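Counting starts at 1 for both ligands and their atoms, in listed order. Please read all numbers here as calculations on a predicted model, not as lab measurements.
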Amino acid sequence: MKPERVAIVGGGICGLGVGWKLARAGVEVVLFESGRAVRESSWAAAGMLASHMELRPEEEHITFLGRRSMRRWPAFLAELEADADLAVEYRDEGTLYVALDRDALEHLRFLRKHQEETGLPVEWLTGSEAREREPFLSRRVAGALYASGDHRVEPRALCQALVRAFRAAGGELREESLVEEILLADGAVRGVRCGGDPWEADAVVVAAGAWSGLLRGLPEEVVPPVRPVKGQMLAVRMDDPPLLTRSVWAADGTRFAYLVPFSSGRLLVGATVEERGYDREVTAGALLDLLRVAFDALPGIYELPVEETWAGLRPASSDNAPILGPTPVPGLHMATGHYRNGVLFAPLTAEDVA
Ligand code: GLY
């Protein structure tokens, strides 16, 4: 049954995506955001659509879903750009995963074997072949894995487009509006309480990222098992011609960083993976670690001006897979737990949850 009034809790990429699709279908949607929309993990994202490179042998369930969402990206983006009247940069050059020492090379060989067994198209490159594709890579690069199926999207333009498309479709965005409680009656959802006032709804979608498990009023059995996993990042500004055109992941035996370039000249360098609760401090040590690996892979980064540093909180679920769809409580739906792949999963989340 199509709901008439829906409340969405959380104004990130996922909440806005679901809200946009519902509003487009003629549903009355109010989105409640405790702060400003798209300023948490969505704003912190690198925008990688890395369904191939993110494949881990222990996470095949996520890869399958990720590839499904990946296939929807071009059509999703075309519709979003049209509704938002805003262009969002989308790049399809693939991901180059470079090994900086022998340990990392062995790890890449293991990944390659697993990816090939899973049927993912990956290509093995020697160090010089990698440098032919990205000439500013260091001579330390001993070999690389190239996944042409990985793409990327400029994350902050995506955020802005979702806000605009949601509003253009008739959705109401209430910022600085903390939901104090999910309201239930007779075991079913009846709406939310915000600012002391109830707002009645036929359905409520929980899309509050790393805060999804803290909402009051949820019966214990449907509280989503989501925790924050901190990621620190920075952005540097490249000259023209750019130092890098593809996304590059770089690792040695103990450290890892990814570098994600956009045509504006902004080059993102990320990200730590830290279990520190809701702490969002940017630390010198984390930046040092990221920049060391980035410099070892791409020495020219040394000269580039630092534009921004930040930390975001990934909403991690207990098995790293997103938590999507209806719960046993009638009218209560989840769109949370996207962990490292919120941008990749945006089309699947928006379309299937809506
Ligand atoms: N998807 C990249 C990250 O979470 O750091």
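Applying the 6.0 Å contact sphere to CZ of R36 captures no more than 12 heavy atoms from other residues, nucleotides or ligands. E4 CD: 12 or fewer foreign heavy atoms inside a 6.0 Å radius.
Contacts classified as salt bridge (charged side-chain N to carboxylate O under 4.0 Å, His left out) and involving residues 186-201 (residues at least two apart or in different chains) are given here: E181-R193.
With side-chain heavy atoms closer than 4.5 Å counting as contact, directly or through intermediates, the hydrophobic cluster containing L218 also holds V9, V30, F32, V179, I182, L184, V189, V192, W199, V204, V206, L215, V222, V223, V226, I323, V329, L332, M334.
Taking a heavy-atom cut-off of under 4.0 Å, ligand 1 is surrounded by M48, E54, Y258, A271, R314, R340.
With sequence neighbours left out, E106 forms a side chain to side chain contact (heavy atoms under 4.5 Å, CB included) with R109.
Remark: R152 engages E93 in a salt bridge, criterion side-chain N to carboxylate O under 4.0 Å.
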